[in-house]
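First the proteins, then the strands, lettered A, B, ... as listed; each starts at 1.
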There are 2 protein chains.
Amino acid sequence: MTDKPAAFTACGGCAARRLNLCAGMQRMANAPVPASSGRALVQSILARRVICGPREWSEFVYVICTGWAMVSTALADGRRQVLSFLLPGEIDSMASLFEPRFGRTIEAITEVHYRKFRREEMQNAVFSNPDLLRTLGELCSAERTHADNLALDLGRRTADERIARLILDLSKRLAQHGMMDGQMMDFPLRQRQIADATGLTAVHVSRVLNEFQRSALIRIGERRLTILDASGLRRLAEA
Amino acid sequence: MTDKPAAFTACGGCAARRLNLCAGMQRMANAPVPASSGRALVQSILARRVICGPREWSEFVYVICTGWAMVSTALADGRRQVLSFLLPGEIDSMASLFEPRFGRTIEAITEVHYRKFRREEMQNAVFSNPDLLRTLGELCSAERTHADNLALDLGRRTADERIARLILDLSKRLAQHGMMDGQMMDFPLRQRQIADATGLTAVHVSRVLNEFQRSALIRIGERRLTILDASGLRRLAEA
DNA sequence: CGGATAGTTGAGTTATCTCAAATGCAGTGG
DNA sequence: CCACTGCATTTGAGATAACTCAACTATCCG
């Protein structure tokens, strides 16, 4: 829970596109903390810690600055569905700009630096700036597309397809952030988390991932993933 | 494709809540067509017809006035996922207020009367009225909740749970529209459509539905559904 | 170093799917 | 009005993708 303005250089430069906070909002993310807000709004949190719990009424909107986070919902009996992984510059949902989002948990996957904006201030900023308003629309639209694809994945695609698509989606988003090292990327996800994102079990994820490695599609190790055969992977995913 | 202002009385009175267009927008739905728009914006369409195709660039936002419609995405090989069923007063997605929604098909399930608003006019109306703006936020939030639940259903719930929940969700929404007749409701859905909404096959939907009937939870016939044992159904759904 | 967490692998199970045939029902055209 | 065609539903039988359980190993973290 320390102030770390230095950490923000990481989100300054990237040309965010899809679920990301685009230019306008990124500017906000990097802006100095408004004098009006009486507390430091920049936070850092350890891997695996909860950033915002499902029953927490929060007056803040959270923006990831560095690291990976995830958003999930869960059932009383422990079944859990990951709704999205958040990369730097991303927000848990446009909807949280309007109302606190009950039932969703945001947690850190790696160590995360994030920034909290008072919902009200953020709303005012957005609604008073036509530029930001347009951005809002685009993000809303992108978010909807993401939700649609998730439903299509979970409802209609096979395990292989879902996992291939997850890998490709992450690599694409990381590339947009300039976070790909050739075909290699950071890959801090646990198989359990992949399972909860794809509606599978961890055991099955393990089998599929190993099958992918045996077929020389990808290579995983040291918490990093290399795409060896992008077109093969895409063929699997596009089905 | 005829003008049918009379049809709108049906959407005038209901206290819309979740995905519905609430008070403010309902007022818009019932307002006279702006003189500026050079064509009749009220349409009627037969059951099973497509209202807006997946590749169609539409400058309109569609609001259902009477009847049931559905929104879906599909894969090239025919696999299809229904994203939501639309009841009177509902809009396909808040996001369509900002951008045309490619990849989604809106089709009529029953005969449908719907209204088209020019996206731009609707945007202007919403952004110039703080009341509508608040409504927008609520709807955005409700829509996100719906999407989250859909993912949780498809990824983590059993067939029985999904189907029980679909029935309860529809009955709840119909009740909000004053469209329940005691425990009885219109139920124009084909099993194929239920299957595509729940990520199952039509054959399996048939089995589950019959099992529900054998257990005296529900009763289906004549395109109507009666909930015989609401608490039993809820117990199944809540898992 | 030691305990906890994460990943692998095998064997057996099951929810759901596929295929297929039989029946019902609705709309069409003669 | 009826035969005809096409869709929707039901039901059975068998197949399979993904799951569960369980044991083992590897990796991480304090």
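Contact check on A:Arg165 versus A:Glu238 returns no salt bridge, with no Lys/Arg side-chain nitrogen under 4.0 Å from an Asp/Glu carboxylate oxygen.
More than 12 heavy atoms of other shown residues, nucleotides or ligands fall within 6.0 angstrom of atom CZ in B:Arg214.
Of the side-chain N and O atoms in A:Gln191, one or more sit less than 4.0 angstrom from OP1 or OP2 of C:dT8. Considering only side-chain N and O atoms, B:Asn210 lies nowhere under 4.0 angstrom from the phosphate OP1 or OP2 of D:dT9. Side-chain N/O atoms of A:Arg48 include none lying less than 4.0 angstrom from OP1 or OP2 on D:dC29.
The CZ atom of B:Phe212 sits 14 Å away from the P atom of D:dT10 (whole-angstrom rounding). Whole-Å rounding puts the B:Ile194 CD1 to D:dT9 P distance at 8 Å. If you measure from atom CG of B:Asp196 to atom C1' of D:dA8, you get 14 Å, rounded to the nearest angstrom. Rounded to an integer number of Å, the gap from CZ of A:Arg79 to C1' of C:dA15 is 13 Å. For the pair B:Glu161 CD and C:dA15 C1', the interatomic distance rounds to 12 Å; values are reported in whole Å. Here the P atom of nucleotide D:dA17 and the CG atom of A:Asp160 are 10 Å apart, to the nearest Å. In this structure, the CD atom of A:Glu211 is 12 Å from the P atom of C:dG10, given to the nearest Å. Spacing between atom CZ of A:Arg190 and atom C1' of C:dA4 amounts to 12 Å, rounded to whole angstrom units.
With B:Asp196 as the partner, the side-chain hydrogen bond (donor to acceptor under 3.5 Å, both in side chains) test is satisfied by one option alone out of B:Gln191, B:Arg80, B:Arg190: B:Arg80. The residue from B:Val205, B:Ile220, B:Ile194 that alone fulfils the side-chain contact (heavy atoms from CB on, under 4.5 Å) condition with B:Leu189 is B:Ile194.
Residue contacts shown for A:Leu209 are absent, as no nucleic acid heavy atom lies under 4.0 Å away. Here A:Arg223 lies in heavy-atom contact (under 4.0 Å) with sugar-phosphate atoms only. Among the protein residues, B:Gly199 comes within range of the sugar-phosphate backbone only, with heavy atoms under 4.0 Å from sugar or phosphate atoms but none that close to a base.
Both A:Ser206 and A:Arg156 lie close to DNA chain C; mapped to their nearest nucleotides by heavy-atom distance, the more 5′-ward contact belongs to A:Ser206. Projected onto DNA chain C by closest heavy-atom contact, A:Ala202 and B:Arg157 fall at different nucleotides, the more 5' of which corresponds to A:Ala202.
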Between protein and nucleic acid, restricted to nucleotides 20-23 of chain D and to nitrogen or oxygen atoms under 3.5 Å apart, what atom pairs and distances do you find?
residue : atom : partner  : partner atom : Å
D:dT20  : O4   : A:Arg207 : NH2          : 3.2

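Under 3.5 Å, the side chains of A:Arg104 and A:Ser96 contain no donor-acceptor pair of N or O atoms. No hydrogens or angles considered: nothing links the side chains of B:Gln81 and B:Ser72 as a donor-acceptor pair under 3.5 Å.
A:Ser141 meets the side-chain hydrogen bond (donor to acceptor under 3.5 Å, both in side chains) test with B:Glu99; sequence neighbours excluded.
Here the nucleotide nearest the side chain of A:Ala159, chosen from C:dC17, D:dA18, C:dT8, is D:dA18. Comparing D:dC7, D:dT11, C:dT8 by their closest approach to the side chain of B:Arg214 singles out D:dT11.
The aromatic rings of B:Tyr62 and B:Tyr114 sit tilted relative to each other, their planes meeting at an angle between 30° and 60°.
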